Amino acid sequence: MSDDDFKLVDWVHFERSRAELGAGFIRILSYFREDGAKSVAQIEEAMHDQNTAALVLPAHTIKGEARQFGAEPLAQIAELIESTARLCVESRRFPDELVPEVVELRKLFSRTVDLFDRATNPLLTRAPQGFGRKVGNQDFGRI
């Protein structure tokens, strides 16, 4: 894992959640993946439709679920979207300034889910291997 991977997820918190949730951990993590994907899509749709109120609930959902698994950078962006949208609902304006955060939210969510998958699926962490010799078609005299 790279240094960036350690910045995206608090792995101590992640492992603590894994231990506390026990057998239900993978199921709850799958809810995060499904709910998060839906929430990101709802946030993007709300931005496209300029529907400020529709930003609040999906951002709140991602925020809480991300914090449960130690994905604080994802939670912080979701919290910024949620809190800004709440203020804009009260002042009756659309938060155009959130466009960069919404774009970043999708990237960060995808990267976080990828990291979670690698941490929970040993098949994703294995390097591809051949049987008994290096795999490839680049032997001497072959192209």
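All of these numbers come straight from a predicted model, not from anything done at the bench. Index from 1, following the sequence.
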Sub-3.5 Å donor-acceptor pair from the side chain of D10 to the main-chain atoms of V12, do we have one? yes

So side chain to side chain donor-acceptor pair (under 3.5 Å) across residues 24-43, not counting sequence neighbours, yields R33-D117

Problem - Test item: L105 and L74 side chains (from C-beta on) under 4.5 Å apart, heavy atoms - result: yes

Open item on the list: Tell me if the CZ atom of R92 is crowded by more than 12 foreign heavy atoms within 6.0 Å.
Closed with: no

Rounding to 0.5 Å, atoms OG (S83) and NZ (K63) come to a distance of 8.0 Å

Residues passing the side chain to side chain donor-acceptor pair (under 3.5 Å) test with E45, sequence neighbours excluded, are none

Those residues at least two apart in sequence (or on a different chain) that pass side-chain contact (heavy atoms from CB on, under 4.5 Å) with P95 are T52, L55, T84, C88, E97, L98

**OP:** Give a yes or no on whether I77 and L87 share a hydrophobic cluster (residues Ile, Leu, Val, Met, Phe, Trp, Tyr; joining criterion: side-chain heavy atoms under 4.5 Å apart).
**Re:** no

Nearest heavy-atom contact between E82 and V56 is CG-O, 4.0 Å

Legend entry - ILVMFWY network linking V113 to L8, side-chain heavy atoms under 4.5 angstrom: yes

Original post:
Do F109 and L57 share a hydrophobic cluster (ILVMFWY, side-chain heavy atoms under 4.5 Å, transitive)?
Top reply: no

Could you go through L29 and L21, starting from their C-alpha distance and side-chain angles, then the distance that decides it, and tell me whether this counts as side chain to side chain contact (heavy atoms under 4.5 Å, CB included)? CA-CA 10 Å; L29 188 60; L21 295 170; over 6 Å; no

So OG1 of T61 and CD1 of I43: to nearest 0.5 Å the spacing works out to 8.5 Å

By side-chain contact (heavy atoms from CB on, under 4.5 Å), E15 pairs with (sequence neighbours left out) R18

With sequence neighbours left out, the residues meeting ring pair (Phe, Tyr, Trp, His ring centres under 6.0 Å) with F69 are F25, F32, F116

Side chain to side chain donor-acceptor pair (under 3.5 Å) pairs touching residues 67-76, sequence neighbours excluded, are R67-E72, R67-E79

Closest heavy-atom pair, A119 versus F14, reported as atoms and distance to 0.1 Å, is CB-CE2, 4.0 Å

E20 and R16 ion-paired at < 4.0 Å: no

